[in-house]
Structure formats: C-alpha cells, structure tokens
Amino acid sequence: MHLAERLSLPEGYAARPYAGAADHAAMAALLTEYRLVTGDPEMVTTEQLDQSYAHLTDCDPDLDIALVERDGTLVAYTRPVHHDLEQTTDLIVFVPTLPTHFGADLFHGLADGCEAHLRKWITERPARYRGYADHPGPGVTPTDGEAAWLEARGYEPTEWSASLRRPNLDDIPDLPLPDGIEVRPVQPEQMREIVAAHHECFRGEWDFTEITEREFAHIIDDPSRDETLWQVAWDGDTIVGQVKPFINPEENAARGYRRGYTEYISTHRDYRNRGIAGALLARALVAVRDRGMTEAVLGVDTNNPGGAFQLYTKLGFELQTYEAIYTKPA
C-alpha cells in the first residue's frame, strides 16, 4: 500500500504520492520554513534535494513518500524511513509541516499513517519508533508543538542534541596540534578515506550504522561540499581528526548574515583528549573567517562521551536550541 493511502487527515487536506524531482523545489522551500521555526536556520535548496534523493537507501520513493496539500499548495510531506542499528531497527517518523499549518490534528494524522506504514519493516529484531522535535531542554516538560504531541503518543526523549552559535569570529585562539600531527590539503583521491575515517569514529554510538556505497556517494557529491575549507589532521598515513566546514551562500543572502558551518567534527578514538578537535575547530573558524564570514554554527550531541559540548562552549560557541530524539517501542 502507498503511504498516501494510509493517511487520514483533517478536512481540507489531501495526500498524494511523491512525483519525483518535480516536487523538490516546493519540498525544499517547505523544509526550510519548517527548520527555521524549529530552531535550525540552515536553508535547503532544490539542488540539495536532487542530490539527496538520488542516493536514498532507507525507503522506496515510489511507495514511502507522501505529499499533503491544501487548496493546491504543499503544506506538509512525510518520508518514514528505517535504520537497522546494531541492537534495534529504528522506524523514523518524519513529518515536516509549514508553520502556518502546525496543529495536533494534522500531526497525529500524519504520524498515525507513518507508524502504520513503518510496520512493514518490523522483523524478529527488536524495533522502536523514533522522532525528532525541538525542545525547551532536558528536565523541562514541553507544553505544545511536536515534542508535546510525540509525548502524548507515548514517545520518550532518550537522546539530546543542541545547536550552538559563535556570534563573532574575533579572538579565535591559536591552539597547536600535538607533535607529529599535521593538517594537509585534501587531495581528490582521499575523499573516500576521509569520509570513512569520520564515520568510523562513531562506531558504538547509539545510532551507528555501517556506511553504504550510496551514502559515500551522497556525502562526496554534496553540493555544499568545499574541501578547500576542510581541516583534516594526519599522523603519518592515519587520519586522526577532522572538521569539514561549509558555507551556504543562498542562505546567507536570504538571511542577511555571513555564516559558516563548522560541522562533521570527529577524532580517531586512539587520539582523543589530546587537543586535536579543539585545534582543528579553531583552524576551521579561521578558514571561514578568511572567506568573509562573521559567525559560525555547529550541532552537537550533548551526551558525547568526549565532552564535545564543553569544548565548543570554551571556544566561544553559545547554546541556541535543543532537539530531543524521541523513541517508543514498536
């Protein structure tokens, strides 16, 4: 059954199947507005969706994507996906909606259909539903919005992430790398090795999955990729840490700021607690400043065992928003 057939929506809303790349411009605009109101200002472009949807591995676009319209205008879409983790299968409910159409009735109608559709991926393995929502923070009870609606459905927050912003690029500390560790310009033939090294740093974490060939292609072909900004540290032939900054010119023009993203931060597990991540992040801040940026942002898992949250705040980043990762048994 197509996902669109499973959706029971409030009066005035209608669901239809995804029509392919022809839908991407409207979907990108919707996702941008949704992200902005939930605390994530990163702008999504049509080109990014073209590239991303060309490499989907966790759903079948012909069956598993539905668009919701009202009076001929796209107001929401949903793409439930599944991830096979080491211990569980995670069934992910994802229902981005225009802020002007946020409401419990529409949300629950979309979530009901998503949960029913996701059951086709349940096997003998343990499984759970997963959702994401902006949140006032650990220890605070949400009273409205997606966090409250997920909790009403029996979901519980199990992990936390945060968005951090450095409001200026002044006074960036000069932090040295340990002896024998050096940053080298990225060569084209090193792309795959660098991506694989970053991914391996997160083995054993709660949401780790083995990287696939399509995921390699998705990351390497990302239109926002700018390896001239990357800070990749080596110890001989071993990649020991990396920060892969990028700049979104369309977002900066639309929002009226000059922002760089200092994301994709990782350190080889045998080289942690030696100052490598801090030194690379400081270099990344200098790199985006030298491109004319005046602020930087990044996202972080607040439960990171290496104390990343504390490192970033010491380097001048300030907390902007929290996001809760919600789960419930399937």
Side-chain angles (χ1 to χ4, degrees), residues 55 57-58 83-88 90 130 132 158-164 175-222 224-227 229-246 260-285 287-288 296-315 317 323 325:
H55 299 295
T57 60
D58 48 16
H83 291 164
D84 289 327
L85 308 184
E86 185 176 6
Q87 301 295 330
T88 68
D90 273 12
R130 194 203 316 171
Y132 299 83
T158 53
E159 305 288 341
W160 299 89
S161 64
S163 175
L164 306 181
L175 301 178
L177 287 163
D179 290 344
I181 308 299
E182 62 176 352
V183 172
R184 305 170 190 162
V186 175
Q187 303 302 316
E189 64 272 14
Q190 296 171 333
M191 289 288 186
R192 184 183 177 93
E193 182 181 4
I194 292 168
V195 170
H198 173 77
H199 193 78
E200 185 62 29
C201 289
F202 298 94
R203 183 175 295 278
E205 296 200 5
W206 71 271
D207 59 347
F208 180 85
T209 59
E210 297 292 346
I211 193 167
T212 67
E213 288 300 322
R214 285 195 173 194
E215 288 168 326
F216 271 117
H218 168 64
I219 295 167
I220 292 171
D221 295 342
D222 187 337
S224 67
R225 189 198 82 211
D226 184 353
E227 65 272 22
L229 291 172
W230 292 8
Q231 307 299 314
V232 181
W234 299 76
D235 181 4
D237 293 332
T238 301
I239 297 169
V240 301
Q242 54 188 282
V243 182
K244 299 198 285 292
F246 64 91
Y261 286 84
T262 49
E263 296 279 20
Y264 309 111
I265 303 169
S266 62
T267 307
H268 191 296
R269 65 182 62 252
D270 295 338
Y271 289 80
R272 291 174 183 168
N273 301 312
R274 294 175 57 184
I276 293 172
L280 293 178
L281 181 53
R283 293 174 66 108
L285 291 171
V288 297
V297 295
L298 56 78
V300 60
D301 177 352
T302 62
N303 297 323
N304 186 294
F309 187 86
Q310 292 77 14
L311 168 65
Y312 303 153
T313 54
K314 286 180 180 179
L315 284 172
F317 284 86
E323 182 181 63
I325 295 90

_Using every non-hydrogen atom in the two residues, find where His268 and Ile239 come nearest and quote the distance to one decimal._
CD2-O, 3.7 Å

_Leu285, Leu177, Thr267, Val240 screened by side-chain contact (heavy atoms from CB on, under 4.5 Å) with Leu280, the one that passes_ = Leu177

*Just wondering, do Thr238 and Asp270 contact through their side chains at under 4.5 Å, heavy atoms?*
no

*With Glu227, which residues qualify under salt bridge (charged side-chain N to carboxylate O under 4.0 Å, His left out), at least two apart?*
Arg225

_By side-chain hydrogen bond (donor to acceptor under 3.5 Å, both in side chains) - contacts of Tyr271 (at least two apart)_ = Asp235

*When rounded to the nearest 0.5 angstrom, what distance separates CZ in Arg283 from CH2 in Trp230?*
16.0 Å

*What pair of heavy atoms forms the shortest contact from Leu311 to Gly278, and how long is it?*
CD2-N, 3.9 Å

*Return the minimal non-hydrogen interatomic distance between Tyr312 and Leu164, and the atom names on each side.*
CB-CD1, 3.6 Å

_Going by side-chain contact (heavy atoms from CB on, under 4.5 Å), name the residues that satisfy it together with Asp58, two or more places apart in sequence or in a different chain._
Leu56, Arg79, Val81, His83

*asked:* Between Glu182 and Gly180 (side chain of the first, backbone of the second, donor and acceptor by atom type, cut-off under 3.5 Å), is there such a pair?
replied: no

*Atom pair CD/NZ of Glu263 and Lys244 - distance to nearest 0.5 Å*: 10.5 Å

*What's the spacing between Leu281 CG and Ile265 CD1 if we round to 0.5 Å?*
5.0 Å

_Residues that His199 engages under side-chain hydrogen bond (donor to acceptor under 3.5 Å, both in side chains), provided they are two or more places apart_ = none

*Can you tell me if Thr209 and Asp207 form a side-chain donor-acceptor pair at under 3.5 Å?*
no

_Taking OH in Tyr264 as the centre, count heavy atoms belonging to other residues, nucleotides or ligands within less than 6.0 Å. Is the count above 12?_
no

_Holding to salt bridge (charged side-chain N to carboxylate O under 4.0 Å, His left out), I want the full list of residues that pass it with Asp226, two or more places apart in sequence or in another chain._
Arg291

_Those residues that, when tested against Arg203, pass side-chain contact (heavy atoms from CB on, under 4.5 Å) (two or more places apart)_ = Glu200, Phe208, Glu210, Arg269

*Which atom of Ala233 lies closest to which atom of Ile181, heavy atoms considered*: CB-CG2, 3.7 Å

*Over all heavy atoms of both residues, which pair between Pro245 and Leu229 is shortest? Give the atoms and the distance, please.*
CD-O, 3.3 Å

*What ring-ring contact (aromatic ring centres under 6.0 Å, His included) pairs are there with at least one residue in residues 177-198, not counting sequence neighbours?*
His198-Phe202

*Could you pull out all residues at least two apart from Ser224 that satisfy side-chain hydrogen bond (donor to acceptor under 3.5 Å, both in side chains)?*
Asp222

*asked:* If the condition is side-chain hydrogen bond (donor to acceptor under 3.5 Å, both in side chains), which residues does Asp84 pass it with, not counting sequence neighbours?
replied: Thr89

*Give, for atom CG of Leu298 and atom OH of Tyr261, the distance between the pair rounded to the nearest 0.5 Å.*
11.0 Å

Output side-chain donor-acceptor pairs under 3.5 Å for residues 188-197, partner residues at least two apart or in another chain, one line each.
unit_1	atom_1	unit_2	atom_2	d
Gln190	OE1	Gln187	N	2.9
Arg192	NH1	Glu213	OE1	3.1
Arg192	NH2	Glu213	OE2	2.6

*Partner residues of Glu215 under the side-chain contact (heavy atoms from CB on, under 4.5 Å) criterion, sequence neighbours left out*: Thr57, Ile211, Thr212

*To the nearest 0.5 Å, what is the distance between CZ (Arg274) and CG (Asp179)?*
9.0 Å

*Shortest non-hydrogen contact from Val243 toward Ala284*: CG1-CB, 3.8 Å

*Go through the structure and list residues passing side-chain contact (heavy atoms from CB on, under 4.5 Å) with Glu159, not counting sequence neighbours.*
Trp206, Asn303, Ile325

